[in-house]
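What follows is a set of notes on a single structure, which appears directly below.
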Amino acid sequence: MGPHGGLAASSPGEQPDQVPRLRKFLAEHPGWKIGLGADGIWEARNLTEGGSHVVVNYTLHGLLNALAAPYPDQGPAPDVRPAR
């Protein structure tokens, strides 16, 4: 996870067109932390009382699309799976 409010330091060079979208998501959903994992895959984590939700994708664009999916009753989107 990056040091800038969840923004990974290398993200502007990878997909600069997605950075405004990422910043908007983080501002609207402060509980989520987003960044590049050690294996270079984008990760989003949200800690909850019952554990955490994790979303992963190979691209920042794909990750943000998954996070934009509707959340019925604030539950996880279909792509979100509980962390182990």
Query raised in the report: Yes or no on side-chain contact (heavy atoms from CB on, under 4.5 Å) for W42 and Q15, after CA distance, side-chain angles and deciding distance?
Result: CA-CA 12 Å; W42 284 95; Q15 297 178 61; 4.2 Å; yes

Query raised in the report: After noting the C-alpha distance and the side-chain angles of L67 and R21, does the key distance pass the side-chain contact (heavy atoms from CB on, under 4.5 Å) rule?
Result: CA-CA 11 Å; L67 291 170; R21 207 173 150 206; over 6 Å; no

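Looking at residues two or more places apart in sequence or on another chain, you find a side-chain contact (heavy atoms from CB on, under 4.5 Å) between I41 and D39, V56, Y58. Residues passing the side-chain hydrogen bond (donor to acceptor under 3.5 Å, both in side chains) test with H29: none are found, sequence neighbours excluded.
A distance of 8.5 Å separates CZ in R45 from CG in L47, rounded to the nearest 0.5 Å. If you take NZ on K33 and CG on L26, they are separated by 8.0 Å, rounding to the nearest 0.5 Å. To the nearest 0.5 Å, atom CG of residue L60 and atom CZ of residue F25 are 11.0 Å apart.
Between P16 and P20 the shortest heavy-atom distance is O-CD, 3.6 Å. The minimum heavy-atom distance linking A66 with V55 is given by the pair CB-CG1, 3.9 Å. Across all non-hydrogen atoms, the minimal contact from G31 to N46 is O-OD1, 3.3 Å.
Residues L36 and E43 are not in side-chain contact: their nearest non-hydrogen atoms beyond the backbone lie 4.5 Å or more apart.
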